[in-house]
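To start, the structure under review is shown below, and the notes come after it.
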Amino acid sequence: MGQLAIAHVDPGRSDPSLIDKISRAQFNTAEEEAKNPNHVRIARGHKSRLLDVAGDIIEDEDGVNYWSNPASMPEEPKLADPNWVGIRKDIGIFTEQEFEFLMSKCLRSLSE
């Protein structure tokens, strides 16, 4: 939920120019597939898992939360237009309905 919140406040995630960069799966031409941003995202996720296995991580003070060392990770590409300021909500980053949905998912995962 924390990662979702971080992504939610990033105005680049709502940039309408990203629509043209969405992969069309098997309908991609070879040129479109070479520009597919999913390949970079998948490679970053794999690198993060390799760093986790190697122990190249940073832990919180409590020792419960950790993440890959950002210095060891490849730079995340910025696909959005830097002039795009994003879509803002009136109060908070989640609507009441979104928050209830997320909390119900969290609580359900605890009971399994």
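Heavy-atom basis, side chains included; hydrogens, waters and symmetry copies ignored. Not measured: the values here are computed from a predicted model.
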Can you list the other members of the hydrophobic cluster that holds [X], where links are side-chain heavy atoms under 4.5 angstrom apart?
{"X": "M73", "result": "L51"}
{"X": "Y66", "result": "I57"}
{"X": "V53", "result": "none"}

Across all chains, not counting sequence neighbours, the side-chain contact (heavy atoms from CB on, under 4.5 Å) partners of N83 are D81
Residues forming a side-chain contact (heavy atoms from CB on, under 4.5 Å) with F101, sequence neighbours excluded
K105
Correct closest heavy-atom pair for K47 and S72 would be CE-O, 3.3 Å
d(L107 CG, L102 CG) to nearest 0.5 Å is 11.0 Å
